Amino acid sequence: MPALPAHVERLLDLALEEDLFLGDATSEATLDPAAEGEGRFLAKDDLVLAGTAVASRVFERLGASCRFDRPEGARAARGEWIGTARGRLAALLAAERTALNFLQRLSGVATLTRRCADALAAGGGRTRLLDTRKTTPGWRRLEKDAVRAGGGTNHRFALGDGVLIKDNHVAACGGVGEAVRRARARASALLKIEVEVVDLPGLDEALAAGADIVLLDNMDDAAVAEAVRRASGRALLEASGNMTVERLPLVAATGVDFVSMGALTHSARAVDISFEIGAA
């Protein structure tokens, strides 16, 4: 497979260095250096698959081959085999943990995202699921790819690809309306302007100032529904804060445009995947 984006390749450099900076004492002591074999990936949870490209690249970096039997975003049931790696046994064993660390973590993000996206769909509306910048340092591109694999949509990738006026910006500017007006006057016309509000008067102020998107922070379902009514399409609305899987259908039923959840990336549990090896 072709090289991954440069920053992902750098991340792989660091990850492999962590494990192999002193070599692999166990394989060197027990294995014939020329011995070859095959290993298979086993899903030990019901999961949504993500991270296959980076996991495969780990094996390739060490001279082995790796192939997964299904694409990113596919479901796998507990007990199903999902991929195979082949090459020198020493290479397979050296790659195993690093590859699984990426695969289990990213599949965990995709699995949680799929669960949340399905819960939103159960509300019967058109609400889309967004991630946040609450990502593992260095992993943002990978984790946001995993969100998409799970059926979510990416919010900003970085501070420069959108204007998001948060509570501290509002405080520094002296109010919601003033912050939006400054952003409208100074920001690139190609950037959407989003502002966070904590109550309905804040929403009214944001709408009057011409915000493109309003983030409704920690509002209850009744307040979100009233915000949708007041906005009446004049701005897109994003609900955030205290979101749970159980609550998502109720929030979707309000008609809000987006729900954002930092938990998709900062709290996703790594799924259980094992790598089972046997000599050729």
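Note that the structure is predicted; figures quoted are calculated from it, not measured.
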- Task: Could you pull out the closest heavy-atom pair between Ala183 and Val163, with the gap in Å?
- Result: CB-CG1, 4.1 Å
- Can you find a pair of side-chain heavy atoms, one from Arg247 and one from Asp221, that are under 4.5 Å apart? yes
- Message: Test side-chain contact (heavy atoms from CB on, under 4.5 Å) on Ile165 and Ile193; report intermediate values, then the result.
- Response: CA-CA 8 Å; Ile165 302 166; Ile193 295 175; 4.1 Å; yes
- Same cluster or not: are Val256 and Val245 linked, directly or through other Ile, Leu, Val, Met, Phe, Trp or Tyr residues, by side-chain heavy atoms under 4.5 angstrom apart? no
- Item | Arg184 vs Asp212, salt bridge (Lys or Arg N to Asp or Glu O under 4.0 Å): CA-CA, chis, key distance, verdict | CA-CA 10 Å; Arg184 181 65 68 197; Asp212 299 303; 3.4 Å; yes
- Note on the structure: Test side chain to side chain contact (heavy atoms under 4.5 Å, CB included), reference Asp131, set His266, His155, Arg140, output is His155
- Query: Passes salt bridge (Lys or Arg N to Asp or Glu O under 4.0 Å), Arg78 versus Asp272? Steps please.
  - Reply: CA-CA 9 Å; Arg78 180 179 180 181; Asp272 194 358; over 6 Å; no
- Smallest separation among heavy atoms of Ala94 and Leu20, with atom names: CB-CD2, 4.1 Å
- If you measure only the distance, is there a donor-acceptor pair under 3.5 Å linking the side chains of Glu38 and Thr84? no
- List the steps and the verdict of side-chain contact (heavy atoms from CB on, under 4.5 Å) for Leu49 and Leu103. CA-CA 8 Å; Leu49 194 61; Leu103 190 65; 4.1 Å; yes
- Side-chain contact test, heavy atoms from C-beta onward, threshold under 4.5 Å: evaluate it for Thr153 versus Phe258 and give yes or no. no
- Measure up the Phe59 and Phe41 rings against each other and bin them: parallel (under 30°), tilted (30 to 60°), perpendicular (over 60°). perpendicular
- Query: Within a strict 4.5 Å, meaning less than it, do heavy atoms of the Val259 and Leu248 side chains meet?
  - Reply: yes
- Item | Contact summary for Glu72 and Ala53, nearest pair of heavy atoms | OE2-N, 4.3 Å
- Note on the structure: dist Trp139:CH2 -> Leu106:CG (nearest 0.5 Å) comes out at 5.0 Å
- Message: Using side-chain contact (heavy atoms from CB on, under 4.5 Å), reason through Leu89 and Ile277 one step at a time and then give a plain yes or no.
- Response: CA-CA 9 Å; Leu89 284 172; Ile277 201 164; 3.7 Å; yes
- State, without any angle test, whether Asn101 and Arg105 hold a side-chain donor-acceptor pair at a distance under 3.5 Å. no
- Message: So Leu100 and Ile273, do their side chains get closer than 4.5 Å, heavy atoms only?
- Response: yes
- Message: Side chains of Glu205 and Val197, heavy atoms from C-beta outward: is any pair under 4.5 Å?
- Response: no
- Is Val147 reachable from Leu142 through a run of I, L, V, M, F, W or Y residues, each pair having side-chain heavy atoms under 4.5 Å apart? no
- Item | Option from Asn154, Thr265, Thr136 for which side-chain hydrogen bond (donor to acceptor under 3.5 Å, both in side chains) with Glu143 holds | Thr136
- Just wondering, do Leu11 and Val54 contact through their side chains at under 4.5 Å, heavy atoms? no
- Item | Audit row: Arg70, Glu80, side-chain contact (heavy atoms from CB on, under 4.5 Å) steps and yes/no | CA-CA 11 Å; Arg70 58 198 76 193; Glu80 290 185 339; 2.9 Å; yes
- Item | Qualifying residue for side chain to side chain contact (heavy atoms under 4.5 Å, CB included) with Leu12, from Arg61, Glu60, Glu17, His7 | Arg61
- Message: I'd like to check Leu264 versus Leu129 (side-chain heavy atoms, cut-off strictly below 4.5 Å). Are they in contact?
- Response: yes
- Message: Which residue in the set Asp45, Asp46, Asp118 passes salt bridge (Lys or Arg N to Asp or Glu O under 4.0 Å) when paired with Arg75?
- Response: Asp118
- Query: Considering all heavy atoms of both residues, which atom of Leu216 and which atom of Ala227 are nearest to each other, and what is their separation?
  - Reply: CD1-CB, 3.7 Å
- Is there a side-chain contact between Thr254 and Leu237, using heavy atoms and a 4.5 Å cut-off? no
